[in-house]
Amino acid sequence: MKNEVYRLPQNHQEIQVLSGIAWITLDKQDIILHSPEKSSLPPSKNFAVISALNNMPLILAVW
C-alpha cells in the first residue's frame with residue numbers, strides 16, 4: 001500500500017507489475033513501472049527498494 005516499502009532480496013532479478021505503479025530504487029537509480037510492465041534488474045550487492053506511487057495496491061510478480 002501507499003507509504004509502505006519492500007526490500008526485494010538480491011536473488012530476484014525479474015519484476016513485473018500486475019497492478020498499480022511501482023517505484024524501484026537500486027544502486028541510486030530509480031525505475032518506475034506501470035502495470036503490466038516488467039523489467040530485468042541489474043546484478044547488485046544491494047537490495048532493491050520498492051514502493052507504490054499511488055493509492056492503488058501494488059501487486060508484483062518477482063522471479
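Only this structure's heavy atoms are used, side chains among them; waters, hydrogens and symmetry mates stay out.
- The shortest distance between side-chain heavy atoms of Glu4 and Ser51 does not fall below 4.5 Å.
- Taking Pro43 as the reference, nothing meets the side-chain contact (heavy atoms from CB on, under 4.5 Å) condition, with sequence neighbours excluded.
- Across every non-hydrogen atom of Ile24 and Ala48, the tightest pair is CG2-CB, 4.2 Å.
- In this structure, Leu18 belongs to a hydrophobic cluster whose other members, linked by side-chain heavy atoms under 4.5 Å apart, are Ile59.
- The side-chain contact (heavy atoms from CB on, under 4.5 Å) check on Glu14 picks up Ser40, Trp63, with sequence neighbours excluded.
- Once rounded to the nearest 0.5 Å, the distance linking CG of Leu60 with CD1 of Ile15 reads 4.5 Å.
- In this structure, Val49 and Leu8 have side chains that are not in contact, with every pair of non-hydrogen atoms separated by 4.5 Å or more.
- Expressed to the nearest 0.5 Å, how far CD1 of Ile21 lies from CE of Met56 amounts to 7.5 Å.
- Scored by the side-chain contact (heavy atoms from CB on, under 4.5 Å) test, Glu37 finds Leu33, His34 as partners (sequence neighbours excluded).
- Thr25 meets the side-chain contact (heavy atoms from CB on, under 4.5 Å) test with Trp23, Asp30; sequence neighbours excluded.
- Partners of Asp27 by side chain to side chain donor-acceptor pair (under 3.5 Å), not counting sequence neighbours, listed by chain and number: Ser44, Asn46.
- Atom CG of Leu41 and atom CD of Gln29 lie 10.5 Å apart (nearest 0.5 Å).
- With sequence neighbours excluded, no residue forms a side chain to side chain donor-acceptor pair (under 3.5 Å) with Ser35.
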